[in-house]
Amino acid sequence: MPSLKCIDCKTEYPTTARIYTCSACSGLLDVVYPMSEFRGERLMSTWDWRKASPKPIDQSGVWRFRELLPDAGESEIITMIEGNNQIWDAPRSAEYGGLDRLAFKHLGMNPTGSFKDLGMTTGITQAKRLGATRVACASTGNTSASMAAYAARAGMKAVVFIPSGQIALGKLSQALDYGAEVIQIDGNFDDAMRLVRELANESPLYLLNSVNPFRLEGQKTIAFELLQQRGWQAPDRVVVPGGNLGNSSAISKGFRELFEAGVIDRIPKLAIIQAEGANPLYRLWLKFQQSEHVEDLELEPIADAFTLATAIKIGAPVSWPKAMRGLKQSHGLVESVTEQEIADAKAIIGRDGLGCEPASAVTLAGIKKLVAAGKIDPAEDVIAILTGHLLKDPDYTVNYHSGSLGFTDKNGQRIQLESRFANSYVKVPAERKAIFEALSL
Ligand SMILES: *Cc1c(COP(=O)(O)O)cnc(C)c1O
Ligand SMILES: [Zn+2]
C-alpha cells in the first residue's frame, strides 16, 4: 500500500490523511510505494497489454499505470481519458535549437488543453475518496480550467482563485463554462496561492494545487508514457518549463521510480527552463553550483515576478525542494530565457505544425541557449515537453505575428519585442487581380 512521506523529516502518514504538507515539520509530502514489490518486466508487460483494452481506466494515459498510483476503486476514478499525448519529431525546431534532432511530447493535446489534466484526474479522484464536495485552487489559468472540468465530471463544486487581469482569456473562458466559482484576487499568483492554502487549512475546501502530492502522482505518468512510447528506452534528456515546479518534480519522480523498478537503467537528465523575470530556481541553481554549504540554501522568492508567459509567472514556487532533488538525482541543468527568446522560439515551434502556449516555448529557447553554451551536446536524444495548447493564449500569438507584442517594464517603460519570425497577414481588395498579385500566381 502506498503512503505519504515527508521529504524532510521522513514522517509517514496514511494516504487517507487529509493533509497537504507534513504535520510535524511543514515539509512537502511524497506518495511512496513499496518499490521492492515491483518487477520491471511485469510492469512493462501489464502496461503494454492495457493499451489494447477498451476500458476507460486502461485507455487513460494516467490510470493505465495504476500499479504506481494511489489506490482508488474503479468506480471512484474520475477520468477523461487524459494522456496518450504523442511525441512529435520537430525538424525545424531542432535546427533552430542546434540539435541533430528534437522531439516534442505535446501535453497541450489533453482534454482541457494542458498537462494539468494528468494531475487533476488523480487529484479529483483523491478528493472523492476523502469525501470532499468542494475543491479549490489558485491558478495562473490552466489549473483552474482543468480543475473546473474534472470537478464538474465528479459532481463537485470548484472554487478558483485567479490573479487580477493576468490570466489568458482562453483559460478563464474554460473555468467559467465548466461552472467554477471564479474569484479574482487583487494581487498576483503568489498572493492567491498563499490565501488559498490558508483557506484550505481552515475550511472544508479541498486544495488541488500541485503542493497536493496526489496531483503530482498523475503528472509523473508523463515520464511513464514517454518511456512506453519509446519502447521503454530512456532519452538522454527531458526539457521542461518551470513555474511552480510541480511538473518538473513529478516527471523526475516518475523516472526515478521506473529506475528503481528496473524498467530503465539510467535516469534521463532534467533541464528546467524559466523565464528571466520569474526565475527564482535559476538563481538558486547558480548559488548551488558556487556554494559549499548546499544543504543550507533556500530559494529566494521574487516579489514582482514578470513574464508574458503567464503560466510560469510565479515568484515563489512551492515545489522547489522537489525540483532541486530531481536536478541532483539526474545531473540536471537550469536555464533562464528572455521574453524575446520565448517569443521567437514559440513561432518556430508553430512552424513545425505543433504550436503551443508561450510558457511551453521556453523549452526550445532554453535548448538553443544550452547547446550554444556547450552544455547540451547537439547529438543528444532530447525530448522537450510542450505544456499547453496554442489556443490558450491567442492574443499573444496574433500580437507577435502582427508586430505588436510588448509589455511595460518595472520602470513603466514600454518594451517592444521584435517579431523575427512573423507571419503577418495581407489585406487586399475583393478582386481577382489583387489576389493573383498578392499570391504571385
Ligand atoms: C502550469 C503550467 C506550467 C508550469 O508548470 P509548473 O508545474 O507550475 O512548474 C507551464 N506551462 C503551462 C502551459 C502550464 O499550464
Ligand atoms: Zn516533516
Side-chain angles (χ1 to χ4, degrees), residues 4-13 17 19-30 85 106-110 112-120 123 137-147 167-168 170-171 174-175 189-190 193 208-213 215-216 218-220 222 239-253 270 272-275 278-282 305 307-323 326 334 342 346 349 355-363 366 384-393 396:
L4 290 168
K5 186 172 180 182
C6 173
I7 69 166
D8 293 329
C9 76
K10 315 293 178 199
T11 305
E12 292 204 31
Y13 305 87
I19 51 174
Y20 310 104
T21 50
C22 176
S23 313
C25 80
S26 313
L28 296 173
L29 298 171
D30 267 334
N85 305 127
H106 203 330
L107 304 176
M109 311 289 190
N110 264 300
T112 77
S114 83
F115 73 81
K116 301 299 197 297
D117 294 342
L118 306 172
M120 218 41 91
C137 68
S139 177
T140 60
N142 283 332
T143 302
S144 58
S146 181
M147 191 186 76
I167 102 165
K171 306 176 187 181
Q174 290 179 289
F189 171 82
D190 300 300
M193 187 69 242
L208 279 176
N209 277 100
S210 57
V211 65
N212 184 322
R215 278 268 314 274
L216 301 193
Q219 288 171 214
K220 84 182 177 193
I222 294 167
V239 185
V240 197
N244 217 4
L245 301 173
N247 208 33
S248 39
S249 301
I251 292 172
S252 49
K253 184 173 188 282
L270 186 67
I272 303 177
I273 319 295
Q274 297 201 296
N279 65 356
L281 182 75
Y282 176 70
T307 167
L308 289 172
T310 48
I312 52 171
K313 184 177 169 183
I314 294 175
V318 170
S319 292
W320 70 264
K322 289 183 176 176
V334 185
I342 297 170
K346 189 178 120 46
I349 296 167
C356 60
E357 67 169 283
S360 311
V362 298
T363 51
I385 304 294
L386 297 181
T387 44
H389 198 283
L390 168 70
L391 293 177
K392 288 281 192 172
D393 193 353
Y396 181 103

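Note that the numbering runs from 1 along the sequence shown for the chain. Order of appearance sets the numbers: ligands from 1, and atoms from 1 within every ligand.
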Exercise. For ligand 1, what are the residues with a heavy-atom contact below 4.0 Å?
Worked result: Phe115, Lys116, Asn142, Gly242, Gly243, Asn244, Leu245, Gly246, Asn247, Ala311, Ile312, Glu357, Ala359, Thr387, Gly388
Exercise. Does Gly388 offer a backbone N or O that forms a donor-acceptor pair with the side chain of Ser360 under 3.5 Å?
Worked result: yes
For this session: Check for a donor-acceptor pair, side chain of Lys346 on one end and backbone N or O of Cys356 on the other, with a separation under 3.5 Å.
Result: yes
Exercise. Sub-3.5 Å donor-acceptor pair from the side chain of Ser146 to the main-chain atoms of Asn142, do we have one?
Worked result: no
Exercise. Would a distance-only check, ignoring hydrogens and angles, find a side-chain to backbone donor-acceptor pair under 3.5 Å from Tyr396 to Ala168?
Worked result: no
Problem set entry | Partner residues of Tyr282 under the ring-ring contact (aromatic ring centres under 6.0 Å, His included) criterion, sequence neighbours left out | none
Exercise. Who are the salt bridge (Lys or Arg N to Asp or Glu O under 4.0 Å) partners of Lys322, not counting sequence neighbours?
Worked result: Asp30
Exercise. Does Ser114 use its side chain to pair, donor to acceptor, with the backbone of Thr387 at less than 3.5 Å?
Worked result: no
Exercise. With distance as the sole test, does Asp117 use its side chain to make a donor-acceptor pair with the main-chain N or O of Thr112 at under 3.5 Å?
Worked result: yes
Problem set entry | Any donor-acceptor N/O pair, Asp393 side chain to Glu357 backbone, under 3.5 Å | no
Exercise. How about the Zn ion (ligand 2), which protein N, O or S atoms come within less than 2.8 Å?
Worked result: Cys6 SG, Cys9 SG, Cys22 SG, Cys25 SG
